[in-house]
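To start, the structure itself, in structure tokens.
Throughout, protein chains are lettered first and strands after them, A, B, ... in sequence-line order, and every chain is numbered starting at 1. Heavy atoms only: backbone and side chains are in, while hydrogens, waters and symmetry mates are out.
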2 protein chains.
Amino acid sequence: MATINDVAKMAGVSKGTVSSVFSKKRPISTEVTERVLAVAKELSYFPNHIARSLAIKKTMIVGLKIPISREHAMSGFEVQLINGVIRECSKRGYRVLLDTLPEHDDPIHFAVDPVDGVIMLNPRTQDPRIDRYKLMQTPLVLIGRPDPMDETVCYIDNDNVKIGNQVGQYLLENGHTSILFLNASSDMTVAADRKRGLYEAFESSGVSTEHLKVMHYSRKQHRNPTHYGYVSLKNSYGNHDYTAIIADTDRVALGALQATRELGIVIPEQLSIVALSDDPVLAQETSPKLTSVELSAELLGSEAAKLLLKKIKNIGIVQQKVIDAKLILRESCKMYV
Amino acid sequence: MATINDVAKMAGVSKGTVSSVFSKKRPISTEVTERVLAVAKELSYFPNHIARSLAIKKTMIVGLKIPISREHAMSGFEVQLINGVIRECSKRGYRVLLDTLPEHDDPIHFAVDPVDGVIMLNPRTQDPRIDRYKLMQTPLVLIGRPDPMDETVCYIDNDNVKIGNQVGQYLLENGHTSILFLNASSDMTVAADRKRGLYEAFESSGVSTEHLKVMHYSRKQHRNPTHYGYVSLKNSYGNHDYTAIIADTDRVALGALQATRELGIVIPEQLSIVALSDDPVLAQETSPKLTSVELSAELLGSEAAKLLLKKIKNIGIVQQKVIDAKLILRESCKMYV
DNA sequence: CGGTTTTATTAAACCGGTTTAATGATAAAG
DNA sequence: CTTTATCATTAAACCGGTTTAATAAAACCG
């Protein structure tokens, strides 16, 4: 690989001149420009992004830290979210460094990555990385809330308590008091939040939660989210008397729908289903179409990217944003009489 | 941000020593190690990945070039593929630099990216980037075939002609000679290949293609793949006499299924559907479950990553691999009598 | 105890760019 | 025809690490 020095020598100019020809930051006579460009082509010279980054302290790359399990595929939520980040970054000339690597225990290995800022998905409780990025002065935006709360860090989040509440309220208004909630995995904070919101809805309506049953997704028991929806319904219908189901994702709802078909349950006449949707297209593609709460994962991603890019420009910015979920009425729910 | 120099000075050692403490490439006395580490902590020193990369000419990052349209979401195929690449890279300690940026016209802007190798999705005809990576001596693996063929470049590909042939043969064996092929967008090479394979199947069976109708996806006419499947079926059923449909993706098939429900067509009794599936899970989640050809997008991605990592170790390697598609019989097809 | 080997440490060169301050040439102004 | 301002160009310092060759100190050996 030819370097800027090779080009400079062969073109009989200084490396600073070659640099200027390529960066166009300083005027260079057309004569010299042409000569340098010709030599560069002959030597197959391409500027080195790394060396450049080192000098100008800028990479035009955004880091995206996203914990992904070794065995399982990304969830629809994650896919949509990445989508949003990429789309926004791409629009503004940034590339995305996807980092799904598990963290090394040895603090010696923490390094300043080749990025201008970082978006971090699902920070853990007391996440040490948050402080580390502060020390590094790397702009950081979380997707999800810092725990414990820290108002000096930027984050974008759903209000999952509100989401749970919203769904609960909707179902209660429609006369459903016996509900099966197919919740996310119990180690996820979103699962706890949504559950709390749902309970709050029951409380504020003065309805007992005695007919509210909450189940949790478990990688051990369930092959995939659809399977979770399928077996949960198959195993519980008949034993329990619920009139409505809340499914953690579209895929879970899909599995539940499959089960209802096999059991001969008519949706929504005999059973109402509402999905927490991470894939707005899929929710419209089922039959019946799913009444769902749009989590707007893609919006979450693009808003995080927008905020980060703002913070890269001006590190001083501190801002949080809660993305509201929208309840979209389609065909899978009905008033219980 | 503290640098290695700051640490060296304050600890009263040379920068080479600090470097050795962090890289552990050279033995350093425990006494010095501790002192350096203490100072590093006090100054919040973190090694700079960029500077390191420049010196050792290695980034542990793999570039993934993937053209994504500004307005539309990633297809299931792309998602699965990225998934495969990420999973494999992550397993081996590499991160992935996602590059969806459109190429700049000005050749001045081509640079050696901060990556150890590149995976490029869907190279264009006469793609100038292929030669450029050769000149840069950057390991490159294509997903899709180089056009014109170049046996010196590494690539991983489906055999789309064979896929078309396979599906055609299966349907013909089952007595279907009137077929509607909901093909991909006509500007995609895969669309042409699959169509060719399908025609070849007809030919070799000695069946006239007069009742074979091929449609193409068009971003202008169709909101999304599902919508494409839906309207295509709604508009054509009755006018045409096909007994089987080939859907370009699971989502297209999903739309078609939706239409059949509304039209009261019973699958597979009145109409057979086979999907070219990029989402193996989804194909099992529809009702009826889709008989489909698994494109194995994730496998494509992980194989590309494997090959690239091999090539990064040994640049001399030249290897191509064709991933076979598997026809999986489920519930959406039946013998036509 | 002197000579050889081993070990930890360092100074300096290097990776491939950018940028500042200085310089010489050219154009504009008086 | 000076004097001054403008312009293209350059040498050298710099970004923050790694690595090589040299060196001083400690360990080994007969």
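Counting any heavy atom pair closer than 4.0 Å across all strands shown, V18(B) reaches no nucleic acid atom. At the heavy-atom level, S29(A) lies under 4.0 Å from the strands shown only through sugar-phosphate atoms. Among the heavy atoms of the strands lying under 4.0 Å from V32(A) are primed sugar atoms or P, OP1, OP2 only; no base atom is included.
Side-chain N/O atoms of T17(A) and S20(A) include no donor and acceptor closer than 3.5 Å.
Helix-axis bend for the helix from dC1(C)-dG30(D) to dG30(C)-dC1(D): the local axis fitted to the five terminal pairs at one end deviates from that at the other end by 40°, rounded to 10°.
Geometrically, R132(B) engages F110(B) in a cation-pi contact, judged by NZ or CZ lying under 6.0 Å from the ring centre and within 45° of the ring axis.
Nearer the 5' end of DNA chain C, as judged by each residue's closest nucleotide, is the contact made by T3(A), out of T17(A) and T3(A). Comparing R26(B) and A51(B) by the nucleotide of DNA chain D that holds the closest heavy atom to each, the one mapping nearer the 5' end is A51(B). A residue-by-residue look at L54(A) and K25(A) shows that L54(A) has its nearest nucleotide of DNA chain C further toward the 5' end.
The neighbour count for R145(A) CZ, taken as heavy atoms of other residues, nucleotides or ligands under 6.0 Å away, does not exceed 12.
Between E151(B) and Q320(B) the shortest side-chain heavy-atom distance falls below 4.5 Å.
For Y155(A), there are no ring-ring contact (aromatic ring centres under 6.0 Å, His included) partners, not counting sequence neighbours.
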- What's the verdict on side chain to side chain donor-acceptor pair (under 3.5 Å) for K134(B) and T152(B), showing C-alpha distance, side-chain angles and the deciding distance? CA-CA 10 Å; K134(B) 274 189 192 166; T152(B) 68; 3.3 Å; yes
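Here chain A contacts DNA chain D (any atom closer than 4.0 Å to a heavy atom, that is under 4.0 Å), and the contacts span dA8(D) to dG16(D) from 5' to 3'.
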